[in-house]
Amino acid sequence: MPEGHSVHRLARQFQDVFGGWPLDVSSPQGRFAAGAELLTGHTMVEATAHGKQLFLKFDHELFLHVHLGLYGAWSFGGDSSFTGASSIGAPRRIGERETGSSSDVAYAGPPPPVGAVRVRLVSGHGWADLRGATTCAAITAAEAAAVLARLGPDPLHNGQGDREEFIRRLRRRKTAVALLLMDQSVLAGVGNIYRAEVLFRQAVDPWTPGSSIDAETAGRLWDDTVDTMSDGVRDGRIVTTPPTLWTGGGAEAPDGDAHFVYKRGGLPCRACGTPVGMTEIGARKLYWCPGCQV
């Protein structure tokens, strides 16, 4: 599913293109018709993200809460003032690198809905369609606060005390650290790619119990997650390798050079040459280097 950097980019894009605008909210598919009725005609005042959760706040203190899950994605379009990615989400469909916007066609209003559009948002300058999301709900401020209360700290907020709270939550559990980094109540926003890459970059054995990780190592996991996810927000894709490992001489990492271990099972480790391991843990594929992560 989309990792936290993509959802933060979504929040930024919604704030840029819909912030301060009254929105026509509809549900072409029909599954969100009651929620759309509660939101339509109201002004979107703020878009925020925490981990993989997106919250669009409206001027009457209701929120549109969206969790994309494995298959959810937003698509966007609009006039020349409506800029940003044209699609964000559903890595299995469009990849972690978002598809860019196109200004070649003159804007003539939103197109007819294509497929099962759960919710459509329309302003005077553009539109956004949501398909396939796990969660799409109109909720109150109290309900939004309850969602946030169930989540761990978000590295992309990196607020005061967040680092210490992550260390505390990680080290109080005997569960394998590879599972804890994907537990949204421990750390909000990390998915399979960041999990594998940060554990490799910090040379941490994925099966180490959280309670066996010292505070210094846990702090390094937090700091590296902050850095790599911040790069993802900036770049719109996950790249965890340095330019010295990129082939082709370009300014961007080719897809095959973007990661140390993720989806490189059986290939030589970029650091030590040991074949990268791949197994399943918690019903998700885990990639690691048996030579470096001991």
Side-chain angles (χ1 to χ4, degrees), residues 1-10 12-13 49 51-52 68-74 84-101 154-156 158 177-178 181-182 187-206 220-281 284-293:
M1 64 181 65
E3 303 206 22
H5 76 289
S6 291
V7 183
H8 277 262
R9 285 176 64 87
L10 269 172
R12 179 187 297 179
Q13 178 150 323
K52 301 176 184 180
L68 291 174
L70 285 172
Y71 303 106
W74 286 95
S86 63
S87 186
I88 300 178
R92 293 184 180 189
R93 215 161 39 127
I94 63 170
E96 280 294 334
R97 189 188 313 201
E98 299 132 17
T99 57
S101 59
D154 183 335
L156 289 170
N158 198 21
V177 65
L181 292 187
M182 296 270 283
L187 181 64
V190 166
N192 213 16
I193 304 177
Y194 283 120
R195 183 258 301 271
E197 294 296 297
V198 168
L199 286 173
F200 173 83
R201 284 163 54 112
Q202 298 306 316
V204 175
D205 182 339
R220 287 193 287 106
L221 289 173
W222 171 267
D223 295 339
D224 201 29
T225 303
V226 170
D227 290 343
T228 54
M229 292 188 73
S230 297
D231 290 345
V233 172
R234 181 194 65 210
D235 300 333
R237 61 185 297 224
I238 300 177
V239 177
T240 57
T241 53
T244 53
L245 294 178
W246 303 349
T247 57
E252 295 186 358
D255 290 342
D257 298 335
H259 308 131
F260 281 104
V261 292
Y262 181 73
K263 285 195 172 180
R264 299 193 71 246
L267 296 175
C269 171
R270 300 187 191 277
C272 74
T274 301
V276 172
M278 191 278 287
T279 189
E280 285 199 1
I281 184 171
R284 299 294 298 276
K285 290 182 179 178
L286 170 68
Y287 300 88
W288 85 106
C289 174
C292 294
Q293 294 172 256

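All values reported here derive from a predicted model rather than from experimental measurement. Residue numbers run from 1 in the order of the sequence given.
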Excluding sequence neighbours, so at least two apart, what forms ring-ring contact (aromatic ring centres under 6.0 Å, His included) with W246?
none
Do R220 and D223 sit within salt-bridge range, that is, some charged N less than 4.0 Å from a carboxylate O?
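No, R220 and D223 are not salt-bridged.
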Which value, rounded to the nearest 0.5 Å, describes the distance between [X] atom [atom1] and [Y] atom [atom2]?
X: L68; Y: W74; atom1: CG; atom2: CH2; result: 8.5 Å
X: L267; Y: M278; atom1: CG; atom2: CE; result: 11.5 Å
X: L181; Y: Y194; atom1: CG; atom2: OH; result: 13.5 Å
X: I88; Y: Q13; atom1: CD1; atom2: CD; result: 4.5 Å
X: K285; Y: K263; atom1: NZ; atom2: NZ; result: 7.5 Å

Report the C-alpha distance between V198 and L221 in whole Å, list the side-chain angles of each, state the deciding distance to 0.1 Å, and finish with yes or no for side chain to side chain contact (heavy atoms under 4.5 Å, CB included).
CA-CA 7 Å; V198 168; L221 289 173; 3.8 Å; yes
Given 3.5 Å as the limit, does a donor-acceptor pair link the side chain of [X] with the main chain of [Y], or not?
X: D235; Y: R237; result: no
X: Q202; Y: D224; result: no
X: R264; Y: P268; result: yes
X: Q293; Y: C289; result: yes

Do D205 and W288 meet the criterion of a side-chain donor-acceptor pair at a distance under 3.5 Å?
no
Does the side chain of T247 pick up a donor-acceptor pair with the side chain of D257 at under 3.5 Å?
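Yes.
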What are the two closest non-hydrogen atoms of [X] and [Y], and how far apart are they?
X: A188; Y: P155; value: O-CD, 3.3 Å
X: A253; Y: V239; value: CB-CG1, 3.9 Å
X: G291; Y: C272; value: CA-SG, 4.2 Å
X: G69; Y: P2; value: O-CD, 3.2 Å
X: Y262; Y: E197; value: N-OE2, 2.9 Å
X: V233; Y: H8; value: CG2-CB, 4.2 Å

Between Y287 and H259, does the ring centroid distance fall short of 6.0 Å?
no
With L286 as reference, evaluate V261, N192, I281 under the side chain to side chain contact (heavy atoms under 4.5 Å, CB included) test and give the passing residue.
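Testing L286 for a side chain to side chain contact (heavy atoms under 4.5 Å, CB included) against V261, N192, I281 leaves exactly one candidate, I281.
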Is any side-chain heavy atom of V276 closer than 4.5 Å to a side-chain heavy atom of R270?
no
